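For reference, the structure discussed in these notes is given below.
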Amino acid sequence: MVRGSAVVPNQYTFVFILKACSCGLRTSEGEQIYVHAIKLGLDGNVYVMNVLIKMYADLGLIVLARKVFDGSISRDLYSWNSMISGYVGAGDMHGARGLFDEMPERDVVSWSTMVAGYVQVSSFMESIELFHEMLQQGPPPNEFTLVSALAACANLLALDQGKWIHVYIKKEGFKIKDRLLAGLIDMYAKCGEIEFAHTIFISVDSSKQTIWPWNSMIGGFAMHGRSQEAINAFEQMRMTTRIAPNKVTFISLLNACSHGKLVAEGRQYFKSMASFYGVQPEIEHYGCMVDLLGRAGFLKEAEDMIVAMPIPPDTIIWGALLAACRIHRASEMAERIGKVITESDPNNIGCSVLLANMYSSGGRWTEAKIIRDKLGGMKKTPGCTSIELNGMVHQFLVGDRSHPQTEQIYSFLDEMTVKLRIAGYVPEVGEVLLDIYDEEDKETALARHSEKLAIAFGLINTTPKTPIRIMKNLRVCGDCHEATKFISKVYDREIIVRDRLRFHHFKDGICSCKDYW
DNA sequence: TTAGGGTTAG
């Protein structure tokens, strides 16, 4: 068009072509075209400038995007929102907030971008806070905002807040479908209310035209260990709709098989995902399979799968196999796999802890000490458990003494330990950190795990029979899992624990995972 | 009749 025709491109042309550069990640063409636009005097056109901001942001060139933004003669709401979205995409919530605070006026998109941005960087508290600010002094939220706010609640285990949003959605007459429906199902499932999530899922029938609500439901069942129901949901979708499953569907489905030890089903779904559904397995799917096979005891098959993978395996995959070796006490294989992990990632804490423990229990003190010394200098993620009470989220770290009710919690814990012992609980000191040698100290360390602090806080502050919901950032430890079984019986409470990977529902001394986790 | 900003799931 530029070389061979008499037609001169106008502002519309540049918006289309710059957007193409943006989508195709073609930096140099984009910049050449920008020069054309300048030559034609279109650098004053707000549409052209805005798409240019977006283009630079999409290309990850946030500084250049800002340059265009700052230098633009005409700026409107779209310019500000595009620039904020650029910062959000770069994970720079500081930059985003700076612009958001100084912009002359904010519309629902500005607010939604920020609420979603905080979710993307896992600043869920900030996301909810901003959402509340919006309700007080901003424009009314729309579906976009609500989906993000629900995601923040889901991640915080903030059930009361999530319920409030559900009421708001109904009160304001939003049509509950697709993404919003998925968001609600996901929020309820992640807050431990899997039954209610399912109720909502079946209550909205005509509008499940997309994969989103299905994935939320299948994923919800999977994380609650309701494997057969996850499979049933998938089969129902297959038989009654024309919706195509995607990669997330299969991750959830394989996860469900893994939690339920459904090895044959898992193998079969993994096989059919590419051959029948046309979804190519990615590293995460292989990860699910290694976890499924490994934890079920098929260590050799799991390793063969890693070796035969068309994608280079990462330390997460090897880590899944290593964890399986620990469960099945396959120390030789563990040592071999441990070396593979350490080679590519010398600072892998989980791997080092496991190896050190293994060496110690095998009496190989020198080797254990080498790893232990190295571990001392590494930064470990502290165990953290949170619990919502009256709409407020309380967090506890291991041995935390910062909570206002600390004294009460610790004396309750002492009393609780006695009661649990009488009921037959025996601490599993094998799970304690490596640097404690005294058996009694080990038990004290266990008693102060963040899970137990949060449960004690919950028992103190809620009326009898109220279910207690807690969330841990890591996997729950073996001792806490055992102790919680006893607590549920001794105190007659349902205790719902969400760890990094799944839910455990404790009731009458039994856990829903049947100790397979 | 043609253009520009925000969505969540493992």
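In the text below, chain A, chain B and the rest are named by the order of the sequence lines, each starting its count at 1. Heavy-atom basis, side chains included; hydrogens, waters and symmetry copies ignored. Just so we're clear, the structure is a prediction, and the values are computed from it rather than from any experiment.
- Residue pairs meeting the salt bridge (charged side-chain N to carboxylate O under 4.0 Å, His left out) criterion with at least one partner in residues 154-163 of chain A, sequence neighbours excluded, are absent.
- Straight-line distance from the CD1 atom of A/I17 to the P atom of B/dA3: 15 Å, rounded to whole Å.
- Counting non-hydrogen atoms under 4.0 angstrom, A/V46 reaches a base of the nucleic acid.
- In this structure, A/E143 reaches neither bases nor backbone, as no heavy-atom distance under 4.0 Å exists between it and the strands shown.
- In this model, the phosphate group of B/dT7 is approached by a side-chain N or O of A/Q120 to a distance below 4.0 Å at OP1 or OP2.
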(request) Output, in order, the C-alpha distance, side-chain angles, deciding distance and verdict of side-chain contact (heavy atoms from CB on, under 4.5 Å) for A/H224 and A/H505. (result) CA-CA 8 Å; A/H224 282 270; A/H505 292 256; 2.8 Å; yes

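- A close approach under 4.0 Å does occur between a side-chain nitrogen or oxygen of A/K190 and OP1 or OP2 of B/dG10.
- Judged by ring centres under 5.5 Å apart and planes tilted less than 30 degrees, A/F144 stacks against the six-membered base ring of B/dG6.
- For the pair A/N155 CG and B/dA9 C1', the interatomic distance rounds to 11 Å; values are reported in whole Å.
- Atom CG in A/L99 sits roughly 15 Å away from atom P in B/dG6 (whole-Å rounding).
- Ring stacking is absent between A/Y47 and B/dG4, as the pair misses the limits of under 5.5 Å between centres and under 30 degrees between planes.
- In the model, A/N255 has no side-chain atom that pairs as donor or acceptor with a side-chain atom of A/S258 under 3.5 Å.
- Judged by distance alone, the side chains of A/N232 and A/Q236 never bring a donor and an acceptor atom under 3.5 Å apart.
- In this structure, A/W111 does not pack face-to-face on the six-membered ring of B/dG6, missing the 5.5 Å centre cutoff or the 30° plane limit.
- In the set B/dG4, B/dT7, B/dA9, the nucleotide with an atom closest to the side chain of A/V147 is B/dT7.
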